Trainee: 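Take a look at this one; I'll ask things after.
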Amino acid sequence: MDPVGQDVNLNSPNRGVPVDLADFPAEGTLGNSGSQLPPGLTEEEAEELRIELSKVEEEINTLRQVLSAKERHAAELKRKLGLSPLNELKQNLTKSWQDVQTTNAYVSASATLDDIAHSEAYKKTQETLSQAGQKTSAALTTMSSAISRKLGDMRNSATFKSFEDKMGNLKYKVVGPRGDESPADSATPTQENPPF
């Protein structure tokens, strides 16, 4: 059976049944009535060209239908195989990246970066930054130790002890003794019972 004039929709219940394509208007067809003929073209030649144009447009429509049906069929097969558009995108990106890696520009840039990484200037810069990081770390450690020591000295100072005693007395007055504690025990804070 001639594919022109057939229903090619693979999902259609009328698949393979002839369709009258004359029911569909052809794109860009020239009408017979009222159109002027180009110079040097007879009425018979114009009619032959119109018929040929109509046939070509019908073939174009048929090919569009066939392509659309094939695309739907391919999508259904991909769905059944578990191939998603995301998987296809990943494969395309991977292939594109591999293609990029083989280009002269990429190879040249890679070689240049490799040369830079092995240059003396790069090594010196890397070494300097490493030393700066080590010195910064040592300075922060020293500063942390000094602050810790100062806080310890401050805690052992007479002023802080006086403040701590006052806070303990205030706590005693507000909270009061707990359980079997005597007022003297709660006034002097212990490690288990700090003033704050």
Side-chain angles (χ1 to χ4, degrees), residues 8-11 27 60 63-196:
V8 291
N9 182 347
L10 298 178
N11 296 324
E27 295 178 12
I60 290 171
L63 291 172
R64 282 187 183 138
Q65 291 172 353
V66 169
L67 179 61
S68 177
K70 293 286 185 185
E71 286 173 341
R72 284 191 302 272
H73 186 65
E76 181 66 20
L77 292 174
K78 287 178 183 178
R79 186 189 63 76
K80 287 179 180 178
L81 288 171
L83 299 175
S84 68
L86 183 60
N87 289 342
E88 288 184 45
L89 179 63
K90 285 179 186 177
Q91 290 172 352
N92 288 343
L93 288 175
T94 301
K95 184 180 180 325
S96 296
W97 178 242
Q98 290 170 349
D99 291 347
V100 165
Q101 288 177 323
T102 59
T103 63
N104 290 336
Y106 181 85
V107 171
S108 175
S110 261
T112 302
L113 289 175
D114 195 39
D115 291 345
I116 290 171
H118 290 85
S119 71
E120 283 301 314
Y122 179 81
K123 288 178 183 176
K124 285 182 181 181
T125 303
Q126 187 179 23
E127 198 174 291
T128 303
L129 290 174
S130 176
Q131 288 173 356
Q134 291 171 356
K135 288 180 181 180
T136 302
S137 177
L140 289 174
T141 301
T142 303
M143 189 172 72
S144 172
S145 298
I147 290 172
S148 216
R149 189 172 48 251
K150 287 291 182 186
L151 287 174
D153 292 347
M154 188 176 87
R155 187 148 203 260
N156 293 329
S157 72
T159 306
F160 188 80
K161 288 197 182 285
S162 172
F163 176 73
E164 193 174 33
D165 288 342
K166 287 179 184 176
M167 291 305 293
N169 288 335
L170 180 64
K171 179 181 174 188
Y172 175 74
K173 288 178 183 176
V174 173
V175 177
R178 284 189 237 155
D180 59 343
E181 286 183 2
S182 66
D185 288 342
S186 63
T188 55
T190 61
Q191 288 295 77
E192 295 86 48
N193 188 16
F196 305 109

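Model, not experiment: these values are computed from the prediction.
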Trainee: Would the distance check show the side chain of S110 and the main-chain N or O of V107 forming a donor-acceptor pair, the cut-off being under 3.5 Å?
Mentor: no

Trainee: For residues 87-98, pull every pair meeting salt bridge (Lys or Arg N to Asp or Glu O under 4.0 Å), keeping only residues two or more places apart or in separate chains.
Mentor: K78-E88, K95-D99

Trainee: Report yes if some heavy atom in the side chain of L151 is under 4.5 Å from a heavy atom in the side chain of R155; otherwise report no.
Mentor: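 Side chain of L151 against side chain of R155, heavy atoms only: no contact under 4.5 Å found.
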
Trainee: About how many Å separate OG1 of T128 and CD of Q131, when rounded to the nearest 0.5 Å?
Mentor: 6.0 Å

Trainee: First locate atom CG of D165, then atom CG of L170, and finally report the distance between them rounded to the nearest 0.5 Å.
Mentor: 12.5 Å

Trainee: Not counting sequence neighbours, list each pair that qualifies as a ring pair (Phe, Tyr, Trp, His ring centres under 6.0 Å) and has a residue in residues 104-156.
Mentor: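 Applying ring pair (Phe, Tyr, Trp, His ring centres under 6.0 Å) to every pair that reaches into residues 104-156, excluding sequence neighbours, yields W97-Y106.
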
Trainee: Do S130 and Q126 have side chains that approach each other closer than 4.5 Å (heavy atoms only, starting at C-beta)?
Mentor: no

Trainee: Side chain to side chain contact (heavy atoms under 4.5 Å, CB included) with S68: which residues, sequence neighbours excluded?
Mentor: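 Checked S68 against side chain to side chain contact (heavy atoms under 4.5 Å, CB included); matches are R72.
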
Trainee: Only pairs at least two apart or in different chains count here, so list each salt bridge (Lys or Arg N to Asp or Glu O under 4.0 Å) that has a residue in residues 111-126.
Mentor: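 As it turns out, there is no salt bridge (Lys or Arg N to Asp or Glu O under 4.0 Å) pair with a partner in residues 111-126 once direct neighbours are skipped.
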
Trainee: Would you say that V66 contacts K70 through its side chain, given a criterion of any heavy-atom pair below 4.5 Å between the two side chains?
Mentor: yes

Trainee: Give a yes or no answer on whether the side chain of S148 reaches the backbone of S145 with a donor-acceptor pair at less than 3.5 Å.
Mentor: no

Trainee: Heavy-atom count around N92 CG within 6.0 Å, excluding the residue itself: above 12?
Mentor: yes

Trainee: If you round to the nearest 0.5 Å, how far is CG of L63 from CG of L67?
Mentor: 8.5 Å

Trainee: Output side-chain donor-acceptor pairs under 3.5 Å for residues 135-142, partner residues at least two apart or in another chain, one line each.
Mentor:
from	atom 1	to	atom 2	distance (Å)
T136	OG1	A132	O	2.8
T141	OG1	S137	O	2.9
T142	OG1	A138	O	2.9

Trainee: Can you list everything that forms a salt bridge (charged side-chain N to carboxylate O under 4.0 Å, His left out) with R79? Sequence neighbours excluded, please.
Mentor: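 Residues passing salt bridge (charged side-chain N to carboxylate O under 4.0 Å, His left out) with R79: E76.
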
